[in-house]
Amino acid sequence: MPPFLANAARQLPLALVWAAALWPVLLWLVHARDPVAAVRLAQGAASAWSAAWPWALGSAIATAALYPPAPAFVRRALHRSRQTLLLDQQALLLRLADLRQFETAARHLEVGRMLRQARKHEQAIPHLGRAVELDETMAGGWHQLGLALFALHQWPAAARCCERAEALDPGHAFGDALLVFGRCLFMVKDDRALATLEEHARRHGGGPRSWLWLAEARARAGDSSGAVAALRQAAQKPTVALSPEDGWFRALARVRLWGKGGRA
Amino acid sequence: MSRQASPIDACPATIVVAIACGTLAVLTRMFGPPEEFEELLLQHGLLSPALVADGDWWRLLAAAFLHGGAVHLVFNLMMLWSLGPALEQSLGSLRFTALYVASAVFGNVAVCLLYDPRQAVLGASGAIFGLMGAAVALNMRSGRHALALLDFEGPRRLRGTIVANLVIGFLLPFVSNTAHVGGLLAGFAVTWLWLRPGRLPSPGLRRWRLAVGALALVLLGWSGYPVTRADWLAGAVGRTADPGRVRQLTEAFMAAVGDGPRDRPRPRGR
């Protein structure tokens, strides 16, 4: 999803509350000038709403039934909400209290990791930054910091962090640092992206996410057949249950294959 | 030597609310002739959206202390007594009072927004649903994580109670579920955003407080000034001296009643 859409989706609930709060204000303002116009406006909005919501509901159901990424997107969104809601605040508070007693890189890393897993990336970054400041050789710290920056679409900074993690500990986190490094390079249109992702595929194999990213890098480099092959790998039927994140990438790969006339 | 705290020391606000409900039942002569009872209910704060739009804002709160019969009163007092003391001890009497008032008022605001202007409602259950919403919010804030409340028997029972009461409300035509849901949401929001805002700093809290606070104020204002509703426009015509404005308001009234008057609604208790 493009960053501006992701940001807009995050702000949508708050925007809806403000819209609900401003609607009566608008009606009062219109009423002050022309009471009939205010009545017509309210009636028009009510009839538009009555006409629109069955169509919206029907479209949503049809999309969910016919377009594979829709259920995968819902499953991933639910999983992410659950991760946020399941943040163990008691454990986090204990770790924050520990940090006040005695500051170590490992403790900052643990707090940052917990916050990042709960998708509180902005709050995780100061802790992860401090962790790698205290211990520059901590590959885990650089990797977690890279992931938090990656989630906030700060590609160059994320690339630097993941590159550092990979340099300190080759194959760190089963190749995840290398994979995210390759993806960041792809996002900033760096020529090294394809080679990095190919190296990841060679050394670590992959799942739907890494194959899809590799397919995109190959397609950009003009290797259409290679891209389709990678998409097939990403879209193939899994032998074990996929995580919601991997399910999302597999669904995306299936749709891309339709466009290329291929099948999983 | 310490002595055990009496209920009056432990939960004075809950007791005051219960006494107020009982006193109003006596003042409105609940067991007297029905015509007199209805007349006294109207005098003491029976709520209808039209009366609130006519300037009787106080009914938004007063209606939450009136009851339509002994069963209604006893059932609400039982629910109040089962939830109130624990919540009051947890939040403190002042905060509990603020929660109760907010839930009662916004349960009734929901009625004003969604009901026919002539529909009458009364009862404490909007506020009591607010206490249930507050209990859910407290459990979500106090546990290891927001969903930890599902791991324990007490919160699970509370969830069952809320669902059962809402289902009963949907099944019985004389029960106002709108006020129940309004009170539930108000109690949850007030507790979640203001009374127990979490143990960790949340960057979005201030934005949400501002937005929900603005929405609450505007909805409260709309209950008193629903400028597109026919009953309010009819009253405004009578209150306005300027002939030009009277003509505008009359045209607006005609536009608002374009579909013709609706059937007289049946009264509802809560």
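Hydrogens, waters and symmetry mates play no part in the numbers below; they use all other heavy atoms, side chains included.
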Rounded to the nearest 0.5 Å, how far apart are CH2 of Trp155(A) and CG of Leu185(A)?
12.0 Å
Close side-chain approach of Trp28(A) to Val218(B), heavy-atom, < 4.5 Å
yes
Heavy-atom cut-off 4.5 Å, strictly under: side chain, backbone, both or neither for Leu92(A) against chain B?
side chain
Contact winner vs chain B - Ala37(A), Ala20(A), Pro24(A), heavy-atom pairs under 4.5 Å:
Pro24(A)
Within residues 227-237 of chain B, which positions have a heavy-atom distance to chain A below 4.5 Å?
Val227(B), Thr228(B), Trp232(B), Leu233(B)
What part of Ala32(A) is in contact with chain B, defined as an atom under 4.5 angstrom from a non-hydrogen atom: side chain, backbone, both or neither?
backbone
Side-chain ion pair, Asp176(A) and Arg183(A), N-O less than 4.0 Å:
no
Among Arg80(A), Arg209(A), Arg250(A), exactly one meets salt bridge (Lys or Arg N to Asp or Glu O under 4.0 Å) together with Glu245(A). Which residue is that?
Arg80(A)
If one checks every heavy atom of Tyr225(B) against chain A at 4.5 Å, the contacting part turns out to be both
Pairing donors with acceptors under 3.5 angstrom, does anything connect the side chains of Asp242(B) and Thr240(B)?
no
So which of Glu251(B), Met140(B), Arg245(B) has the largest heavy-atom pair count under 4.5 angstrom toward chain A?
Arg245(B)
Which portion of Leu93(A) sits near chain B, non-hydrogen atoms under 4.5 angstrom:
side chain
Hey, can you tell me if His180(B) and Phe129(B) have their rings parallel, tilted or perpendicular (30° and 60° cut-offs)?
parallel
So CG of Leu184(B) and CG of Leu166(B): to nearest 0.5 Å the spacing works out to 6.5 Å
Where on Leu96(A) is there a heavy atom nearer than 4.5 Å to chain B: the side chain, the backbone, both, or neither?
side chain
Which of the residues Pro13(A), Ala118(A), Ala91(A) is involved in the greatest number of heavy-atom pairs with chain B at under 4.5 angstrom?
Pro13(A)
Taking the basic N atoms (NZ, or NE/NH1/NH2) and the acidic carboxylate oxygens, is any pair closer than 4.0 Å for Arg157(B) and Glu153(B)?
yes
Only residue of His108(A), Arg113(A), Arg116(A), Glu110(A) satisfying side-chain hydrogen bond (donor to acceptor under 3.5 Å, both in side chains) with Gln144(A) is Arg116(A)
Say you draw a straight line from CH2 of Trp142(A) to CG of Leu147(A); how long is it, rounded to the nearest 0.5 Å?
13.5 Å
